[in-house]
Amino acid sequence: MAYDHTAIEKSAREKWSGLNLYTADLADGTREKYYLLVEFPYPSGDLHIGHWYAFAVTDIYARMLRMRGKNVLFPIGFDAFGLPAENAAIKNGVDPKEWTYKNIERMRIQLASMGVSFDWSKEVLTCDPSYYQWTQWLFAKLFEHGLAERRLAAVKWCPKDQTVLANEQVIDGHCERCGTEVVEKRLTQWFLKITQYAERLLAGLETLPWREEIKEAQRAWIGRSDGAYLRFDLKTDFQGRTLESIKVFTTRPDTVFGATYVVLAPEHPLVREITSSKFQISNKDQIEKYINETEKKTERERSENKEKTGVKLEGITAVNPATKEEIPIYVADYVLGSYGTGAVMAVPQHDERDHEFAIKFNLPIVDTKFAEWGEIAEMGGVKATQYRLRDWLVSRQRYWGCPIPIVYDPSGKPHVIPAEHLPWLLPTDVNFTPTGSTTLTTGGPKSPLASSKELKERVTKIFGEGWTPEYDTLDTFVDSSWYFLRYLDSKNSHSFSDPALMQHWLPVDRYSGGTEHTTMHLLYARFFNQALYDLALVPVAEPFKERFNRGLIMGLDGGKMSKSKGNTLNPDEFVQKYGADAVRIYLAFIGPYNEPGSYPWNLDGVSAMRKFLERVVRLVEGHLVSTQNIDTKCPSIQRALAHASIKVSNDGDRFKFNTGIAALMSLLNELEKEPHVSRKTAFTFVILLAPFAPHLAEHLWGQLGGEGSIHLAPWPAFDASLLATDTAEITVQVNGKRRGSITLSLHGTEEEALTLAHEVPAIRAALGGRKPSRVIYVVGKILNLVV
RNA sequence: GGGCGAGUAGCCGAAUUGGUACAGGCGCAUGGCUUAGGACCAUGUCUCGCAAGAGGUGGGGGUUCGAGUCCCCCCUCGCCCACCA
């Protein structure tokens with residue numbers, strides 16, 4: 001058999017490992033730099049088709065750019081902290097660290113089987129102290145500048161994973177990781193103040209050449225709303241302390257005349273104050289009961305049950321600042337405590353939700369005039385902007401994560417752990433099982449780290465008696481918010497990254513990743529970098545110039561691959577049968593990589609790619625005997641080669657590998673028709689194929705007598721003039737209908753085109769002797785005669 | 001419910017700026033080569049028509065000499081957000 005892929009791939013990989021082909025020289029400023037980044041994997045220990053799609057296809061571009069003379073940085077690492085390691089520990093009693101490093105070891109080998117040209121010399125492992133030392137250092141910087149803050153807040157809690165979650169990790173009221181319904185808890189937790197950057201994150205999008213849908217998804221997530229604050233004075237008939245007013249946020253201050261009641265969220269501090277005080281509210285019990293009921297509800301129940309509920313505060317009213325009328329105040333859970341001021345003015349005439357509530361509670365719905373801004377300002381209205389974005393909750397009550405570099409003094413005040421004590425090591429003497437029991441904080445759950453004796457002793461020893469550790473670890477999204485900075489200088493023990501290298505290599509030129517990270521990792525990383533930029537720690541505010549979201553490979557049934565559906569496919573099976581190169585080409589050919597569509601796996605498709613490669617082998621081997629370069633003078637072959645070279649290159653730039661491969665197939669079809677294909681032509685073809693099928697191309701290169709590795713060979717350069725022909729076939733239309741064509745010099749005039757057109761019988765017939773009233777002539781393309 | 005994207009052949013998909021719609025592949029058909037073939041090679045493959053020709057990019061309208069591409073309305077699917085005032 002001419003194409004023994006197993007042997008060919010093995011020997012190609014051996015050759016590469018000896019040549020150190022893919023190590024980027026970051027200090028080399030002589031060639032144009034290109035930082036190609038792909039989201040690093042979690043070391044689950046199992047390489048699936050999704051990984052192939054992510055890495056093998058992106059690799060095509062890395063290889064192509066290298067051959068095109070760019071200084072390419074294509075690094076890889078592992079996002080190695082996270083729950084699965086810990087769950088394995090709980091379930092099987094293995095050490096999370098051991099579990100993780102073993103998986104990494106396995107995945108390195110699996111990744112190598114793809115023939116991906118990663119630069120392993122810059123590998124980062126987020127779980128390694130040499131890495132998380134700097135995660136901690138950066139966190140400390142954010143803390144010092146007021147961008148990390150510990151505060152009591154209503155947070156989302158996953159009962160199964162026994163940890164809090166960031167807003168972004170709650171999907172439809174369920175835990176993003178395990179799908180368990182989340183509950184709300186009031187806990188003191190660490191937050192990164194991403195909301196301070198809402199405006200910057202929006203503005204930055206305008207500077208980026210990303211697909212509109214990615215930008216739009218981020219804009220929607222940030223959720224900017226422009227409106228105003230208005231004050232509704234309270235009218236009370238009780239003695240003692242006076243509550244002056246309720247501040248509401250509205251995007252429609254002009255509808256204030258129609259506000260017929262005011263609603264407070266059950267979490268609104270005023271509600272507590274009113275019910276717990278001596279105020280003369282006649283239905284305190286009822287209100288308290290309602291608040292308790294609301295607290296018991298999950299987020300989902302609260303939003304899914306659209307039936308409006310609420311309780312009126314009896315004995316207290318508000319004054320509409322526009323009409324000066326006294327209006328009732330309600331507590332209702334359709335108003336959220338975490339957005340705006342937690343209080344709204346209800347305008348049933350203009351707001352659907354208010355309308356529904358008004359109907360149910362029999363409140364007036366009045367048609368009103370609209371207020372001018374001048375009037376609103378006179379009422380004390382102040383323009384305001386609100387965001388849907390919430391601060392990023394980064395505390396996790398889990399073991400296998402980066403320890404938060406904080407200690408508490410005897411009074412409970414948090415202090416950053418000084419840099420000299422970093423890395424602040426994750427203790428090993430812990431009970432991994434999260435207990436969920438309450439602790440010293442505020443009725444919060446207990447983190448696994450709280451079971452470590454060593455950690456407590458460490459703190460006492462360094463900071464003194466009465467000092468206590470922070471027991472939570474950081475959300476793993478913090479780890480991955482800066483890993484691409486570390487790639488540039490992964491061994492540096494004095495700094496998180498080298499300023500000069502960052503200056504040269506940032507921003508990342510192209511970032512390839514999954515759609516699911518649009519409002520998580522991609523947003524976090526942008527925020528993190530903007531913050532570091534403001535602290536003069538990184539040279540660019542926007543870390544990623546281009547962003548490409550890839551699609552999804554579906555199962556044979558067209559559905560999303562999942563173990564429960566039993567429609568998963570094992571890439572190893574196909575690699576064994578058809579070879580890694582065929583699998584790579586298949587994935588690249590399955591659809592446009594620059595559009596996040598979903599592409600069903602097709603068994604015939606993989607074998608078709610294998611056949612294509614076999615034809616390539618036959619072409620090359622069949623012409624090995626020829627030492628002459630007979631066809632290199634043949635203009636049609638030269639044009640075909642030039643065309644393919646330019647097409648493959650351009651399509652690569654657009655991440656359209658499907659059409660690039662189609663161009664190679666067309667080229668092969670043409671070459672197969674030639675009676676004689678020279679060695680030089682075969683060389684060219686194999687070089688064009690190299691980014692796609694790196695192993696086979698390496699093999700054929702050797703057979704043809706190529707020196708060294710094909711992956712160091714320069715991309716074939718063709719003069720664009722080769723493609724420029726003197727003449728072109730021009731479509732001739734009569735009244736917009738195609739009636740024939742003429743062949744004409746590109747320098748030909750409209751008169752010449754007309755003369756030639758009149759010589760074509762079909763065109764003459766269509767004209768029927770009439771003289772065109774209008775002639776549209778587009779050089780090299782079309783001649784349209786309007787009669 | 002709102003936002004964004006998409007809809008092209010039996011299937012996956014091509015179509016730089018508005019300029020010959022369907023490249024490439026799959027599948028299918030016919031023929032060749034074969035003891036045989038699920039291998040390989042050749043040819044064909046949007047629809048109607050013997051042909052000349054006519055029609056055709058989810059449906060309807062519009063702009064234009066010319067629309068898959070631009071504009072308006074509708075339908076379907078996908079993704080994101082969703083009681084965010």
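Just so it is clear: chains get the letters A, B, ... in the order the sequence lines come, proteins before strands, and each one is counted from 1.
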Rounded to whole Å, CD1 of A:I590 lies from C1' of B:C12 at a distance of 8 Å
When rounded to whole Å, the NE2 to P distance for the pair A:H355 and B:G1 reads 17 Å
Item to complete: For nucleotides B:G68 and B:A21, find the distance between their C1' atoms and express it as a whole number of Å.
Response: 7 Å
- Query: Yes or no on salt bridge (Lys or Arg N to Asp or Glu O under 4.0 Å) for A:R224 and A:E199, after CA distance, side-chain angles and deciding distance?
  - Reply: CA-CA 8 Å; A:R224 179 189 161 124; A:E199 209 47 53; 2.7 Å; yes
If one requires at least 3 consecutive Watson-Crick or G-U pairs with distances under 3.5 Å, the stems of RNA chain B turn out to be B:1-7 with B:75-81, B:10-12 with B:24-26, B:27-32 with B:40-45, B:46-48 with B:53-55, B:58-62 with B:70-74
Heavy atoms under 4.0 Å, any strand shown: does A:R654 hit a base, just sugar-phosphate, or nothing? sugar-phosphate
Separation of B:U17 atom P from A:I782 atom CD1, nearest Å, is 17 Å
In whole angstroms, the gap separating P of B:C12 from OH of A:Y586 amounts to 12 Å
inquiry  = Counting the atoms with a prime plus P, OP1 and OP2 as sugar-phosphate, which does A:N669 contact under 4.0 Å by heavy atoms, base, sugar-phosphate, or nothing?
reply    = sugar-phosphate
RNA chain B nearest-nucleotide lookup for A:K647 and A:I661: closer to the 5′ end is A:K647
- Distance, C1' atom - from B:U34 to B:A42, rounded to whole angstrom: 15 Å
What nitrogen or oxygen pairs link the protein and nucleotides 64-68 of chain B at under 3.5 Å?
| residue | atom | partner | partner atom | Å |
| --- | --- | --- | --- | --- |
| B:C65 | OP1 | A:R774 | NH1 | 2.6 |
| B:C65 | O2' | A:N784 | ND2 | 3.1 |
| B:C65 | O2 | A:N784 | ND2 | 2.5 |

Whole-Å distance, A:K737 NZ to B:A52 C1', equals 16 Å
Per nearest nucleotide of RNA chain B, the residue lying toward the 5' end, A:A662 or A:S338, is A:A662
Considering only heavy atoms and no angle criterion, is a donor-acceptor pair shorter than 3.5 Å present between the side chain of A:K611 and the base of B:C40? no
TODO: Identify whether any heavy atom of A:A220 sits under 4.0 Å from a base atom; if not, whether one sits that close to sugar-phosphate; answer base, sugar-phosphate or nothing.
DONE: nothing
Check: So what does A:K656 touch, heavy atoms closer than 4.0 Å: a base, only the sugar-phosphate, or nothing?
Finding: sugar-phosphate
Between A:Y330 and A:F361, what is the ring plane arrangement, given parallel below 30°, perpendicular above 60°, and tilted in between? perpendicular
In whole Å, measure the gap between the P atoms of B:U64 and B:G59 for me.
23 Å
Please list, pair by pair, any protein nitrogen or oxygen found under 3.5 Å from a nitrogen or oxygen in nucleotides 49-51 of chain B.
none

Separation of B:A85 atom C1' from A:R224 atom CZ, nearest Å, is 16 Å
To the nearest angstrom, the CZ-C1' distance between A:R219 and B:C4 comes to 11 Å
Closest of B:G24, B:A14, B:C4 to the A:S666 side chain is B:G24
ask   = What's the verdict on side-chain hydrogen bond (donor to acceptor under 3.5 Å, both in side chains) for A:D226 and A:T251, showing C-alpha distance, side-chain angles and the deciding distance?
value = CA-CA 6 Å; A:D226 291 314; A:T251 52; over 6 Å; no
Have a look at A:R739 and say if it touches a base, only the backbone sugar-phosphate, or nothing, with a 4.0 Å heavy-atom cut-off. sugar-phosphate
Discussion item. For a quick check of understanding: with a heavy-atom distance under 4.0 Å over all strands, which category does A:P592 fall into, base, sugar-phosphate or nothing?
Written reply: sugar-phosphate
Rounded to whole Å, the NE2-P distance (A:H643 to B:A23) equals 14 Å
Looking at every strand, decide which applies to A:Y599 at a 4.0 Å heavy-atom threshold: base, sugar-phosphate, or nothing. sugar-phosphate
